[in-house]
Amino acid sequence: MYISTRGNYNTVSSSEAIKLGMVPSGGLFVPYKLPLFPLKQLLSMQGCSYQELALYLFDLFLEDYPAEEISSCVYKAYNQYNFHHRDIVPLQRLRSGGYIMELWHGPTAAFKDIALQIMPLFLSHALQRLEVEREMVILVATSGDTGKAALEGFKNVPGTKIIVFYPCGGVSKLQELQMLTTDGPNTFVVGIEGNFDDCQSAVKEIFGDCSYNKELASIGYELSSANSINWGRLLPQIVYYFWAYLSLFEKGQIAAGEKINFVVPTGNFGNILAGWYAWSMGLPVNRLLCASNSNNVLTDFFGSGFYDRNRGFIKTRSPSMDILISSNLERFLFEAAARDAEKISSWMIDLQKKGCFQVDGKTLANMQNYIYADFADEADTLETIRETYFSEGYPLDPHSAVGMNVYKKYRHLTGDETKTVIAATASPFKFGESVLEALKGREFLAGKDEFQLLEELGRVINLTIHPGLKDLDKKSVLHQNVSTKMEIKEQLERILNGDV
Ligand SMILES: *Cc1c(COP(=O)(O)O)cnc(C)c1O
C-alpha cells in the first residue's frame, strides 16, 4: 500500500497510486513499508535474466497486480524489439576501474525508456482494475527527451491517448524528427509557438482547470500525466541497481556482500532515488554519488541543507539535467526526515512560496550518510568525454560524462577505492554534436547538419548509429500540428474529436 509524503491522503493500492500519478492535494506516493530483498535471495538468482529479476521485484511492490499481468507487462516492454541489447542493461568494464551501466539501449536512446516502456502498461491494467471507463488522455510538455520516450511507451496502449507539446524551434532537429515520425493511432504531437515554459504552463493550466476537466469527463476523457513523479516510473528503475550488482557478482568482479558505489547523473532525482530504494531493500551499497551539471542546486543542498532554486537557469550540454526543482527529492526527504510528513509539508510550502527551504541538522546528517553530491561544469564535461575516449576508448554522452567527472573528483578527494558503477543515461549518438565537439574540436562541426554529424560520429568512434536515431530524415513526418499557446485547448478538442 502507498501513503502520501505529506500525510494528507488515505492509503491507496499500487493501481491507484499509478493511476493518480501524484497525491491530488499535493505530495507524492511512497510505499507504506519497503519490502526487503535479502542478498542471499538476490545471489540465488544467479544466471537469471533481466526480465526474471524485474518480475520478482515488481511482484514485491504491485500487490494488487496478478502475477501473469506483471509478466505480460515485463515481456511486452523488455524484449529484443524495444531494447537493442539482450541484457537490456549491459555493464561495461573500464580499464582504469569503474563500470559503466548502459541505460540507453531502448527505443529512444536514453534511460527514460526503461521506465516509459513499461509504465503505460502498468497504467493500462490499473485502469481496467479500477474500472475507469473514460479514456485516459496523457498530456506531456517536453523540452526534448521525455516527449519521444512517452510517445513510444504509450503508442498502441489500450485506453490511452498521448499528446505531446513541444516548443517549435526549442528542441534539436533530431529530437523533433524523433517525435514527428512516431506512428500509432493514439499518438499526437503539437508544436507550440513559444518556449518550453509556455508549453509547461499551458499544460499545467489545463490540468488545473476544473470546469474544463468536467467538460472532458462528460465526453468520456480523463487527463493524466506521465511525469517522473509517478510511482510507475520510479519502480522500474529499482531493478537495474540489483541487476548491476548481480552482473558484477556473476562475473567475479565482487565478492558476495561486498559494498559498491553508484554514480548517477541527476536532474529530477528519480534515477538516484531508485538506487536509494534498492539500498534500503538490502542491496550492499557504500555510497550514492549525485552528479549535477552547472545547475548545481542539489550539490549545494547536500552540502548545507539549504535548498535554493532562486538562481539563474543555465542551458548546458546535458539538457536533461537542466532542472532547478528536483521533484522526486521530496520522497528522499520524507525518509531522511524519519517520515515526518509535517516537516515535508512545511518545506514544500516554503519551496513553492519562497523558492527555498532549510532542513534541520538531523535530516541533513541522514542525507549525507547516503549521498555524496558534486557537479561538473561545461569545460569539465567536454574534457571528461575527451579523456575517457582517448584513455579508455569509451564514448560517453555529456550527461554520463558529468557522472564520470564527479566520480573522478570524488575518488581523488576521498581515496575511496570501492568498486563503482557509473550510470550512462544516454547514448553518445543522442548528443552527438557535443561528443564530436569534445573529440574533434568545435571547428569540426561547422557546416555539417545533424545527420552528417551522426554519420561522422559513427566513423570517429567506430560504432553503428543507435537504431532509434538512424535514418530519421528518411522516415515520413506523421504529425504536423502547430498551435499558439492561446489555442492549446482548441487544439486538444480537435484531437479528441478526431478532427486531426
Ligand atoms: C532524465 C535524464 C537524466 C536525469 O534523471 P533524473 O531521474 O531526472 O534525475 C539524466 N540523463 C538523461 C540523459 C536523462 O534523459
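All residue numbers in this chain count up from 1 along the given sequence. One-based numbering, in listed order, for ligands and for the atoms of each.
Not counting sequence neighbours, the partners of Gln117 by the side chain to side chain donor-acceptor pair (under 3.5 Å) test are Asn82.
Contacts of ligand 1 (protein heavy-atom distance under 4.0 Å) are Phe111, Lys112, Asp145, Pro265, Thr266, Gly267, Asn268, Phe269, Gly270, Asn271, Ser320, Met321, His399, Thr425, Ala426.
Contact annotation: the side chain of Asn261 approaches that of Tyr410 to within less than 4.5 Å [non-hydrogen atoms, C-beta and beyond].
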Can you give me every donor-acceptor pair (side chain of residues 423-431, partner residue at least two apart or in another chain, under 3.5 Å) with its distance?
{"from": "Ser427", "atom 1": "OG", "to": "Phe429", "atom 2": "N", "distance (Å)": "3.0"}
{"from": "Lys430", "atom 1": "NZ", "to": "Thr108", "atom 2": "O", "distance (Å)": "2.8"}
{"from": "Lys430", "atom 1": "NZ", "to": "Asp145", "atom 2": "OD1", "distance (Å)": "3.0"}

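A cation-pi arrangement is absent between Lys353 and Phe357 under the rule of less than 6.0 angstrom and at most 45 degrees off the ring axis.
Salt bridge Asp322/Lys315: absent, no basic N to carboxylate O contact under 4.0 Å.
Sorted pairs that involve residues 96-118 and meet salt bridge (Lys or Arg N to Asp or Glu O under 4.0 Å), not counting sequence neighbours, are lacking altogether.
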